[in-house]
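Scroll down for the structure; my scribbles are underneath it.
Reminder, nothing fancy here: chain letters follow the sequence lines and each chain counts from 1.
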Amino acid sequence: MIKIKGLINKYRVSIRFRVMLICIGIMSVLMLVNVYNYVNINEMIENINLVYVNNFRLNELKEELLSVQSCMTEYLENKNTDSMENYYRHVQIYREMMSELNRDVIDGQFYIMEKNIFNISEAYIECTDRAIEYKRGRNAPKYRMEYLQSDKMKRYLTSYIDSLNNSRFKANSDNHKIMIDVLEYTQKISIITLLIVIGSTLILIYAATTRIMFPLRRLAATAEIVAGGKLDVEPVEITTNDEIGVVTKAFNKMLFSIRAYIDKITENMERERILQEKELLMNTHLKEAQLNYLQSQINPHFLFNTLNAGAQLAMMEDAGKTYEYIQNVAEFYRYNINNNKIVSLSDELEIVDNYMYIINVRYSGDLSYSKDIYEDVTSVLVPSMILQPIVENSVRYSVGVVGRKAHISISITREDDYICIRVSDNGKGMTEDTINEVLNEDRSELNDYKHDIQNKHGSNGVGLKNVIARLRLYFEADNVMEIYSEGSGKGTQITVLIPYIDC
Amino acid sequence: MDGEKKRKWFDPFIGIIIVISIVAVVVTVINFTEVRNSIDMYCDSKTAEQHDVYSHHYVILTDGNENELWKDIYNYANEYANVNDAYVEKAGDNLIEEYSKAELMDMAILADVDGIIVEGDDSGELSMLIDRARDNDIPVVTVMTDSPESMRNSYVGISGYDIGLEFGERVVNLADEGGKEIHEIMILLSKGENSQNTMYLSLMERLSRDCNFDVDVRIIDSTTSFSADEAIRDVLINMNNVPDVMVCLSDGITKSAYQSLIEYNKVKGTYLLGVALSDEVFSAVRKGLVKCAISVDKKQMGINCVDALLEYENTGYVSEYIMVDTTLVNIENVGGLIYDKNKGSD
């Protein structure tokens, strides 16, 4: 059984084949049982029919005996050829019928009687033959004597045959009754057997179809769970190699593919969401910076035009320094108005130059300013307005320190994979807490940033935090700025770290 | 997991169903086989080979096939014959017509049997048939009564002379016992029975030694049915005084005699002596209705008949007279004899 099951599983056996196999098996069993019952009952009926056969034969034997006697008598009376021919024909038939009789000494009255009938018949035929011969020889006393003898033997024989027939009929009647009873019993047994076999086969059909359909029902149950939206289910076990096995395998593959596809879509959506969020934050930062700036510079266009008019006036009045000052201020504002999001590092340095010029005019040349630029990196693109707020912060911390001329220096170097932009001053320096407050601002929290912007709104610059936030967003790095101050009155050094990408 | 696998491979419910089906099929097959065998058994045409086959076919011919004596003798004879590869047929037993002993003898000769056992008589017809059988090389043994004039090969029977002497001795003893005076003795014998004549003669010889007895001899014609019974009644009715002793020389006469004595209430006045071959006479002895009786060993008689035929078959010679033992049955030993008889028939 296990071997057959193994073979069925090993080789692909279709459900149709299995169902056909079951049907053929059951039909074969039913057919065999029916054929077996039919053959047996048929044989019994044949046997029952044979019961009276010996009675028929004995009747025929007696008829033939009487015919022999009649023909002999007729010949003895008339001596015609027809009678003689008939006599020999009947003797021949009678002999043939005699040959069916028992001749052995067998224990049983029927057999002994048959033996006696046979032997007396032999004697009888010899007697009749002699009578015929004597008749032909015209020996009247002899054939008369033989006739009487044969008549006596015929009487014995008819008595024997009748007795045997009678005894056999009695026994056969009893046997026939018993056989009929047995046949009825057999028919009942056949019906009961057939019912048992039918019942068993029905149960086997139920069991077999349940077994065939079990994987399909399991698959259907799992499919229903999946259809309900729960994809996190165990793969359906494949127990057969038929169509259901193939479908189950395909279902498992499909389930796996759907799960992988959904994971991929979720990942892409997450990535897109992060990108959108980043872009939104970027724009927000820029807008906020510009807004802050514009708010602080009321109507820069008007101011810019006014400054241009002032510069024209200064040139006409030959006031060269005034012209230069106004020109620098105008350049500074133009840079802002251009609203470029990404600019080169040289542009940033240029706006810092303009700023420093303006600031120097304001503070009557109290600020000294120096630059040490590594020219190879000035073409690097950076978010706009990142240097000016830092320089503005340094200016604010440097100016007003008693007994010391304020100095701002800018150096741009390349260190390993970074471009380092250092803005140093010799001002009052920054406390540790202030540095930490500036650097540890959470860059991802947009709302906090807005809050921060609002808090700093009253200050003159767009603020270091704004710069840090935008650098972090743009370069996707945390470490974008370092602030170093040795302490009060010892100045501050702010370093901007830009990842260097070799073009 | 293993449990699940086991459950998959073996479902007890299905297993039980399969076992029940197999058992049902096996039982049906066995049942059918048994039924077929039993039907074959009843289908006579197919069962010849199931019977025993013998080499010799003997026939036993008697005057009274239904007589218990002959039934017993036949059974013993056939039983012994079967052991010795022979079968004994009781002639006329299955024929719907009744035939005389002579006709049955004629049939047996025509049927070319291997041997005939016949209850002999004095008739010339039977002697002639016995001679014809011998002419046809069929050995013939007479039993119980002889056909002395025939060419029969052997006679198996009792010694009438000895039995007659034994009866005489019993009568004398009864007289000597002095319980009752015995003067009148009636002897009842069948008509035409040679052996009884011998018994009668020897009985008379013994009684003649004592002259005190009046002996009355009555010959009963038992050739036709019921004639013996009627004849004995006639004797008893017509007598003024019942005899002191009645000696019956055959089993049939003994039965009729004691029945008549009971009917006419004359049991106490008469001692009845007879021949005990049937159960009725044995029973009568036990009840005291018959004083004593001579019994024949039927088994020995049946065996000796077959033995004589077999011996002749084998050697071509056999003793002309084979005597069978007799026993005196009286109230003392009848119980044991009935027990032995029943035991033997079991």
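Residues M72(A) and V91(A) are not in side-chain contact: their nearest non-hydrogen atoms beyond the backbone lie 4.5 Å or more apart.
A search for ring-ring contact (aromatic ring centres under 6.0 Å, His included) contacts involving Y185(A) returns nothing, not counting sequence neighbours.
At least one donor-acceptor pair under 3.5 Å links the side chain of N75(B) to the backbone N or O of K71(B). Side-chain N or O atoms of N304(B) include one that pairs as donor or acceptor with a backbone N or O of Q300(B) at under 3.5 Å.
Within the 4.5 angstrom heavy-atom criterion, only side-chain atoms of D104(A), from C-beta onward, approach chain B.
By a heavy-atom distance cut of under 4.5 Å, R155(A), Y156(A), S159(A), Y160(A), D162(A) are the residues of residues 154-162 of chain A near chain B, going up by number.
Side-chain N/O atoms of N55(A) and N59(A) include no donor and acceptor closer than 3.5 Å. For the residue pair N54(A)/N172(A), the side-chain donor-acceptor check at 3.5 Å is satisfied.
For F169(A), the CZ atom counts as loosely surrounded, since its 6.0 Å shell holds 12 or fewer non-hydrogen atoms of other residues, nucleotides or ligands.
Of the listed residues (N82(B), N78(B), D114(B), D106(B)), the greatest number of heavy-atom pairs within a distance under 4.5 Å of chain A belongs to D106(B). Between chain B and the options H176(A), M113(A), E122(A), heavy-atom pairs under 4.5 Å are most frequent for M113(A). Counting heavy-atom pairs under 4.5 Å between each of A111(B), S55(B), A108(B) and chain A puts A111(B) at the top. Highest contact tally toward chain B, considering only S163(A), A123(A), S121(A), is held by S163(A) [criterion: heavy-atom pairs under 4.5 Å].
Using cut-offs of 30° and 60° for the angle between ring planes, the Y124(A) and Y94(A) rings count as perpendicular.
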